[in-house]
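To keep things clear, I will list the structure first and then write my remarks on it.
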Amino acid sequence: MDDRGTIAEAVSVDGLGRIVKVGTEKDVMAGLGTGVEVIRLEPQQVLMPGFIDPHMHFLPTLTQSLMGTHNLAPCLPPPYSKETPEDCATRAELLSALKSMKVTNSGNLASNEFVLGMNLDPSRQQQSTSATNPCGVSGNIPFAAQPKLYLDACVSKDRPVLILDQSGHLAYVNQKAIDAVCSKTSDNCKTLLAEVQKGGGDWVTDANGYTGLLQETAGFAPFLAAMEKSLPLGLAYTNPIQLVESYEKDIQRTIQELREAGLTTIADGGLASLSQLQAVKFLAERQNFPLRITGVVTQDLVNSDKGKDLQATGPTCDPLADPQCKLPKWLGAGGIKLWVDGSTQGCTAWLEAPYQYQNPGHCQEAGEGRADFDDVNGIVKALKPHWDKGAWRFQLHANGNKANEWAIQAFTQLQLQKANPHRVLFIHNTVGEEKISDKIGKMREGIFFGNDGQTASAQPLDARVTHLIGHVAYWGAAFKQMLGEETAKNIDPMGFDLKYGVPFSLHSDSMVTPPRPLWFVEQAVTRRTWAYPDFKESFVLGPEHAVSIEQALRAVTVEPARQHELDQWLGSIEPRKVADFVVLGANPLKYDKALGGDPTQISKIQVLQTYLNGKPTLGSH
């Protein structure tokens, strides 16, 4: 995965886990003593740099594994699903998924103890009609119009209920939950709601008051805070180290699944509190932890009283500068993340012509979506104090084309005022538009477009994008219905990236999609999508944005390493870098159609082992 496209026979690694030589077996073995340990792969096996997920949410991913029947996610398409058709049928329909939650409304449980569910997705889980719905609600009221009605009927009306949407940008509550949160204020929640809206969130209302639909993290944060601390997700927000210690055996399964997917490094892309930062560091520093972690903190944290003294950090030692350094597993937190808009499938992506949410459709009342800021100046104001210090990397979450335009304008204003030495990242860049990719490419050349269309020159800004490629595989059919076919084909526009010289990576955004890099590669190469709930319809979405297998492999190795400024140590197999490897049961490059291969089978390649600092992460080699 180096820039020369090297395919080598052998690699040697020193005692501190650093790569010494790469090349032919004869050259690598020359001069080595008799005490060297030799590891030989089978002829069909291949060694690669360890896979890197450049954007996920680690603590919620661990929490998800504890949810049992309260994990309401629709099943994955057949190539990726590990569940039985019977299990999938339970969650294929929206209200049946809610009804599947096993909830006790009496007994020893206090009436104010929250019921928590995760990963409901109305964009893929179709809603039954009044004649067939399992919850006994009359009429055909859309779920999104009155979530609290259905949570009362399907889950519980006696206990507060909070359901998190799989997008991570919406949540749903019943009336009991609203009452529980509002009872803590003396003004019927007006002050609390004002703070929610100031933070970019909202509680949706209609003529009868709150509907039970919450938008953005700021919108459901008060409900998370009100949960009993015994709930795992409550601990993830209030005392994450206690979460790790209390559920260690259970979360180990999820950690091992990440290792088994070939991951050696992950980036936690939204650490919102000092306690979350401490918990992720705590996990990474445990003796047998099989991954490296780098952290990205939210702009809300660094702009708060508790986080105002945070400094950008990296690993505690550098193997390139210190000959005795063994690269640590905690790589520090050197990035700041800011949300420009919400979720495409959650109807809150910030769009502009020619794009808008379709009517009729799942997001028919959403129009052009919404932004988390009033204007570009709000983004600039939030980032400028940290930008001017020159110590941080910056990552802007932007799904809609207008959100990406605002992100471009914000970076332009900041770079024209003071040059930033670090790489910047557009997270998701989902709803593609050719002019957006062109502008990002121009930023890399030092040409910046203002909101008036005029250009200015400044020091080039190393701008890059990372795509949630699962949008194509899992939501492609939903996007056709929500956004229209012409818009949907430009989801995750890697063809535009290649045309305009914009480096890209692929990520999971876990919990949103599973962190499985070989799945990402297959999806990026094939652009296959499936229509929910029965998966009978399958098609290729935007074939012009399909990439080669090698390009997709770079997007899970060296490119994410570069985005997080880890490429001096990780991401490719080159001398002086760190020996983080994955061993695969077959060579993904041989699945190329031009070579007679079948790229739809890439996800089935077996991960045999991963290595950190040249040492296997599980068992013997």
Side-chain angles (χ1 to χ4, degrees), residues 1-11 19 22-23 41 43-54 79 261-265 429 437 441 444 464-470 472-473 492-508 515-528 540 542-564 566-567 570-575 577 580-608 610:
M1 293 291 107
D2 62 7
D3 288 336
R4 298 176 298 280
T6 303
I7 297 177
E9 289 182 344
V11 55
I19 297 170
V22 183
L41 303 185
Q44 75 277 9
Q45 295 171 358
V46 66
L47 186 78
M48 285 188 61
F51 295 142
I52 301 173
D53 190 333
L263 285 162
T264 55
T265 300
N429 188 235
S437 298
R444 296 177 52 79
R464 298 163 181 263
V465 301
T466 183
H467 295 293
L468 173 53
I469 191 60
V472 172
D492 296 312
M494 290 173 286
F496 295 157
D497 296 336
L498 293 172
K499 181 176 180 179
Y500 294 105
V502 179
F504 63 88
S505 69
L506 303 171
H507 67 267
S508 68
R516 301 290 182 270
L518 286 173
W519 296 9
F520 308 165
V521 171
E522 179 184 307
Q523 291 159 17
V525 171
T526 66
R527 299 280 298 192
R528 288 198 302 170
V540 175
E544 61 268 40
H545 295 297
V547 301
S548 71
I549 295 174
E550 183 174 356
Q551 288 164 341
L553 289 171
R554 292 181 66 82
V556 295
T557 53
V558 69
E559 291 304 336
R562 287 173 173 166
Q563 289 172 354
H564 288 279
L566 302 173
D567 51 304
L570 307 174
S572 60
I573 300 178
E574 300 183 73
K577 287 195 175 184
D580 285 7
F581 304 139
V582 59
V583 180
L584 302 180
N587 186 344
L589 295 177
K590 293 185 177 180
Y591 287 66
D592 191 327
K593 274 187 178 180
L595 300 176
D598 183 358
T600 68
Q601 302 301 303
I602 292 173
S603 64
K604 296 181 180 178
I605 296 173
Q606 187 178 4
V607 173
L608 302 176
T610 61

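Side chains included, hydrogens not; waters and symmetry mates left out as well; all remaining heavy atoms used. None of these values were measured; they are calculated from a predicted model. The first residue in the sequence is number 1, and the count goes up from there.
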CD1 of Ile52 to NE2 of His564: how many Å apart, nearest 0.5 Å?
8.5 Å

Distance-only check: which donor-acceptor pairs under 3.5 Å involve side-chain atoms of residues 547-555, not counting sequence neighbours?
unit_1, atom_1, unit_2, atom_2, d
Ser548, OG, Gln551, N, 3.1
Ser548, OG, Gln551, OE1, 3.2
Gln551, OE1, Ser548, N, 2.9
Arg554, NH1, Met1, O, 3.2
Arg554, NH1, Asp2, O, 3.0
Arg554, NH2, Asp3, OD1, 2.9

For Phe496, ring pair (Phe, Tyr, Trp, His ring centres under 6.0 Å) partners two or more places apart
His545

Non-neighbouring partners of His467 that pass ring pair (Phe, Tyr, Trp, His ring centres under 6.0 Å), sequence neighbours left out:
none

Flag side-chain contact, heavy atom, 4.5 Å: Pro517 against Leu263:
yes

State whether the number of non-hydrogen atoms from other residues, nucleotides or ligands found under 6.0 Å of Ile7 atom CD1 is greater than 12.
no

So, do Lys604 and Glu522 sit near enough that their side-chain heavy atoms are less than 4.5 Å apart?
no

Partner set under side chain to side chain contact (heavy atoms under 4.5 Å, CB included) for Ile19, not counting sequence neighbours
Val11, Val22, Ile573, Lys577, Ala579, Phe581

Side-chain donor-acceptor contact under 3.5 Å, Glu559 with Ser505:
no

Do the non-hydrogen side-chain atoms of Val582 and Thr264 ever get within less than 4.5 Å of each other?
no

What residue pairs, at least two apart or across chains, pass salt bridge (charged side-chain N to carboxylate O under 4.0 Å, His left out) with a residue in residues 492-501?
Glu434-Lys499

Can you name the residues that form a side chain to side chain contact (heavy atoms under 4.5 Å, CB included) with Pro599, not counting sequence neighbours?
Val525, Thr526, Lys593, Ile602

